[in-house]
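Here's the structure we're looking at; comments come further down.
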Amino acid sequence: MQFKPTSGHILLPPVWGFGIPRPMNTKEETNKTITEALSDWIRGVFSEQFGADIDLSGVGVVQAANPQFGDYQCNAAMSLAKVLKRPPRAVSEQVVANAPSHPAVDRLEIAGPGFINIYLSDAWLLQTVSAIDQDSQLGVPRSGAGHTVVVDYSSPNVAKPMHIGHIRSTIIGNSIDRLHRLLGYNVIADNHIGDWGTQFGIIMMGYRHFLDKDALARRPVEELERVYVKSYEKSREDENWLTQCREELVKLQSGDPENTALWREFIGLSLSEFDRIYKRLGVSFDLVRGESFYNDKLADTVALLEEKGMAEESEGATVVFLEEEKLPVCIVKKSDGGFNYATTDIATVASRVEEFRPDKIVYVTDERQQLHFKQFFTICRKLGCETELNHVWFGLMRLPEATFSTRQGNVIKLEALLDEAEQRAFDIVSASSPEMSEDDQREVARAVGIGAVKYADLSQNPQTTVTFTWDKALALDGNSGPYLQYAYARIASVHDKYTERFPDGNLDAFDIVLTEPIERELALKLIRFPDVVKRAASGYKPSTIADYLYELAQCYSSFYQNVPFLKAEEGIRESRVKLCGITAQVLRGGLQLLGIETPARI
RNA sequence: GCGCCCAUAGUUCAAUGGAUAGAGCAUCGGCCUCCGAAGCCGAAAAUUCAGGUUCGAAUCCUGAUGGGCGCACCA
């Protein structure tokens, strides 16, 4: 793990890192994506023709809506027509007539009201698509180099098993993490686990009175949850019990050795279970800092707020009013003297800013926390925090019947989901690949099952409510993870067959040529990958990657099914096999961004 | 009561303010003596309603309807 070295400022503001100026980014961007390069180019023409004093920031190119309109298109003439006081077609004509040549551009055409349709040069397309083969970045620029981003995701609670409600934060957060790493960001993935809070008094009482030691040995976290639920229920009807829970909590908070030891045990048991699941999901963190990590900073955080005149007493609690921002009041210290999550989150931001100097901090949680994040982001800004704070929220996971909840007991445990996924995949693999050894079948089924679960979640816009159904989460055909893995495995097979049948074949001796329309379409899709990655990262939407990969795989499948390659003549054959290889790389790289594995055989 | 989010084909989902709204599943019809049919090719099928902004709206604004979620001491 590398952290950006702290700057040599001696006169750092003393308190919590707030107010520290953001470090300058000294690295310049090295390369651009296709749309960035073409946009810069055509914006330059607009600027030269129509003067730099008008706002040209919106001038750019986009992928063409339809192949008949070229490969990329520029729609700027229409929107600028009014400002320029000229008909849009005249604007486009002037741009096209005066555009300097660009290596990527074969020709420009004007269509409709003033669209400029851009046709890419085949030579450039071939060169660009061939270059992907040698590039571990697959053409993706490291435009985030020199920037640090903290991604806060997953964040399960101690003493509660992970259920299907946790999968979204974990999977989406992990993909955002991977996207930023590919773009060159220094990413710090932090699992901010819920290891502190009022629930521990309840758990301790439950642990002391209801514990089944055998069950604890077998399924520790499940047992902890069971005693928690039982103790919680008792606390609601038994005033005396509730008081005892509070006393246990106070003892823990004041450092009582026995309760502290118990608390550490709960954390240890939970973390080992989380790790088991993270390992299955291929998720790893740079930091696992629970809320308790910030405990000793909470009092000072509230003191700072009071010092700045932002916090005041109200109804026995210490609160921050946010009326100017039209937000509800935010409690930073409870009337019983305890702190709550807003305080912890503020202290966490301060700590991260001080330690890592991030350019931004990204939180991945469900939609119910939107108000909380608005409140505490606002407070951080008022305290002088300049770091960009983003809340990436996603819709709740629901069951067809109702919202699932721990209390109603209608939860689906994450491990059960993963088990079921692997089993279903195994049934299919063992039926369709009986020649494979059972170990291999298991291994493939694992990758396919987990891939299906992940893809089902990542392939849709995060900001929608997901209704969980087994069939959807475990879909193995159509727009699914396994479809993409299948496409990949077929490609791997093509390459094997090629070396088998043409042992003397030399792929390097031949250049790629595009003879069929489907081949050009495939090449065009392949060179779009960098743009897609940038869009997915900036919008925090892994589904953008999933959409793209599905399109790519569909395009490839069509190519595969309709164009002969091993049976094609020499030259064409090698070209097509190479195109297959590049497609495989992009598929694999893209699936990696989603955390999905690509077995060579399925 | 106030606030946030959502509404697209039978159904589950796509669509950076741009040209003819795309897919999966389901339905119907083709394609395995041939490189892997978890596949390919084709058919039918949709922007909740009413206004507005714009050269151009599924997308932006206002309102209505229907749904989800949140709003003082849980996180």
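Residue numbers start from 1 in every chain, and the chains themselves are labelled A, B, ... in the order their sequence lines are given, proteins ahead of strands.
The shortest distance between side-chain heavy atoms of A/Thr465 and A/Glu367 falls below 4.5 Å. Counting heavy atoms from C-beta outward, A/Ser79 and A/Val59 have side chains that stay 4.5 Å or more apart.
At B/U12, none of the side-chain N or O atoms of A/Thr467 fall inside 4.0 Å of OP1 or OP2 (strictly under the cut-off). Regarding contacts with the backbone of B/C40, a side-chain N or O of A/Tyr483 is found under 4.0 angstrom from either OP1 or OP2. The side chain of A/Lys160 places no N or O atom within less than 4.0 Å of a non-bridging phosphate oxygen (OP1 or OP2) of B/A75. The side chain of A/Tyr486 places an N or O atom within less than 4.0 Å of a non-bridging phosphate oxygen (OP1 or OP2) of B/A38.
A donor-acceptor pair shorter than 3.5 Å cannot be found between the side chains of A/Gln554 and A/Tyr483. Checked by atom type, the side-chain pair A/Glu291/A/Tyr341 shows no donor-acceptor distance below 3.5 Å. No donor-acceptor contact under 3.5 angstrom links the side chains of A/Thr301 and A/Tyr294, judged on distance only. In summary, the side chains of A/Arg576 and A/Thr515 do present a donor paired with an acceptor at a separation below 3.5 Å, with no hydrogens or angles considered. Between the side chains of A/Thr33 and A/Lys534, no donor N or O sits under 3.5 Å from an acceptor N or O.
Checked against B/C35, B/U16, B/A19, the side chain of A/Phe69 finds its nearest nucleotide in B/A19. Distance from the side chain of A/Arg368 is smallest for B/C69 among the nucleotides B/G39, B/C69, B/C35. Picking from B/A75, B/G18, B/C35 the nucleotide with the shortest atom distance to the side chain of A/Asn75 gives B/G18. Among the nucleotides B/U20, B/A14, B/C73, the one closest to any side-chain atom of A/Gln68 is B/U20. Among B/G39, B/A19, B/C55, the nucleotide with an atom closest to any side-chain atom of A/Ser79 is B/C55. Closest approach to the A/Leu371 side chain among B/G36, B/G70, B/G68 is made by B/G70 (side chain taken as heavy atoms from C-beta onward). Comparing B/A72, B/C35, B/C40 by their closest approach to the side chain of A/Ile331 singles out B/A72. Across B/C69, B/U20, B/U12, the shortest atom-to-atom separation from the side chain of A/Arg398 is found for B/C69. When distances run from any side-chain atom of A/Pro328 to the nucleotides B/C71, B/A37, B/C13, the shortest one goes to B/C71.
Residue A/Ser155 is classed as having no contact, given no heavy-atom separation below 4.0 Å to the nucleic acid. Counting non-hydrogen atoms under 4.0 angstrom, A/Ser558 reaches the backbone sugars and phosphates but no base. Heavy atoms of A/Asn117 sit under 4.0 angstrom from at least one base atom. Using a 4.0 Å heavy-atom criterion, one finds that A/Glu551 contacts no nucleic acid atom at all. Using a 4.0 Å heavy-atom distance criterion, A/Val158 is classed as making no nucleic acid contact. A/Ser543 comes within 4.0 angstrom of no nucleic acid atom, judged by non-hydrogen atoms across all strands. Among the atoms of the strands shown, base atoms are found under 4.0 Å from some heavy atom of A/Ala489. Counting non-hydrogen atoms under 4.0 angstrom, A/Ile602 reaches a base of the nucleic acid. Heavy atoms of A/Glu315 sit under 4.0 angstrom from at least one base atom. Within the nucleic acid shown, A/Asn461 comes within 4.0 Å of sugar-phosphate atoms alone, with no base atom in reach, counting heavy atoms only. A/Ala342 comes within 4.0 angstrom of nothing in the nucleic acid, heavy atoms only. When heavy atoms are screened at a 4.0 angstrom cut-off, A/Val444 is found touching no nucleic acid atom at all. Across all strands shown, A/Asn562 has heavy atoms under 4.0 Å from sugar-phosphate atoms exclusively, and none from any base. Within the nucleic acid shown, A/Val62 comes within 4.0 Å of at least one base atom, counting heavy atoms only.
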Ignoring hydrogens and angles, write down the donor-acceptor pairs under 3.5 Å from the side chains of residues 471-479 of chain A, residues two or more places apart or on other chains.
unit_1	atom_1	unit_2	atom_2	d
A/Asp471	OD1	A/Arg424	NH1	3.0
A/Asn479	OD1	A/Tyr455	OH	2.6

Please table the atom pairs, donor to acceptor, closer than 3.5 Å between any side-chain atom in residues 317-337 of chain A and protein atoms at least two apart or in another chain.
unit_1	atom_1	unit_2	atom_2	d
A/Glu325	OE2	A/Lys382	NZ	3.4
A/Asp336	OD1	A/Gly338	N	2.8

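Closest non-hydrogen pair, A/Cys555 versus A/Ile518, comes out as O-CD1, 4.0 Å. Across every non-hydrogen atom of A/Val444 and A/Arg601, the tightest pair is CG2-O, 3.4 Å.
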N/O contacts under 3.5 Å, protein versus nucleotides 24-27 of chain B?
unit_1	atom_1	unit_2	atom_2	d
B/G24	O2'	A/Asn479	N	3.4

Short N/O separations, protein against nucleotides 3-11 of chain B, under 3.5 angstrom:
unit_1	atom_1	unit_2	atom_2	d
B/C4	O2'	A/Gln370	OE1	3.1

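With C1' as the reference atom, B/C61 and B/U54 are 12 Å apart, rounded to whole Å. Annotation: B/U27 and B/A19 have their C1' atoms spaced 32 Å apart (nearest Å). For the C1' atoms, the distance from B/A57 to B/G18 is 10 Å, rounded to whole Å. Between the C1' atoms of B/A46 and B/U11, the separation comes to 12 Å (whole Å). For the P atoms, the distance linking B/A75 with B/U16 amounts to 38 Å, nearest Å. Comparing the same atom, P, in B/A43 and in B/A23 gives a spacing of 10 Å after rounding to whole Å. With P as the reference atom, B/U48 and B/C55 are 25 Å apart, rounded to whole Å.
Side-chain N or O atoms of A/Gln441 include one that pairs as donor or acceptor with a backbone N or O of A/Ser433 at under 3.5 Å. Side-chain N or O atoms of A/Gln73 include one that pairs as donor or acceptor with a backbone N or O of A/Ala65 at under 3.5 Å.
Ion pair A/Glu233/A/Arg236 not flagged as a salt bridge, since none of the NZ, NE, NH1 or NH2 atoms sits closer than 4.0 Å to an Asp/Glu carboxylate oxygen.
A donor and an acceptor atom sit less than 3.5 Å apart, one in the side chain of A/Ser335 and one in the base of B/C73. For B/A19, its base sits under 3.5 Å from the side chain of A/Gln73 at one donor and acceptor pair at least.
Side-chain rings of A/Phe559 and A/Phe565 approach one another, their centers coming within less than 6.0 Å. No close placement of the A/Phe115 and A/Phe69 rings is indicated, their centers lying 6.0 Å or farther apart.
For the pair A/Ser493 and A/Ser557, both in contact range of RNA chain B, the more 5′-proximal nearest nucleotide belongs to A/Ser493. With RNA chain B read from its 5' end, the first of the two nearest nucleotides for A/Ile116 and A/Gly316 is the one closest to A/Ile116.
B/C4 adopts an anti glycosidic conformation, its chi angle falling more than 90° from 0.
Secondary-structure annotation of RNA chain B gives the stems B:1-7 with B:65-71, B:10-13 with B:22-25, B:27-31 with B:39-43, B:48-52 with B:60-64, with a stem taken as at least 3 successive Watson-Crick or G-U pairs whose two distances both fall under 3.5 Å.
With centroids closer than 5.5 Å and planes inclined by less than 30 degrees as the test, A/Phe565 and the base of B/C35 pass as a stacked pair.
Listed by residue number, the members of residues 80-88 of chain A with any heavy atom below 4.0 angstrom from RNA chain B are A/Lys82.
Note: A/Lys160 NZ to A/Phe266 CZ = 13.5 Å, rounded to the nearest 0.5 Å.
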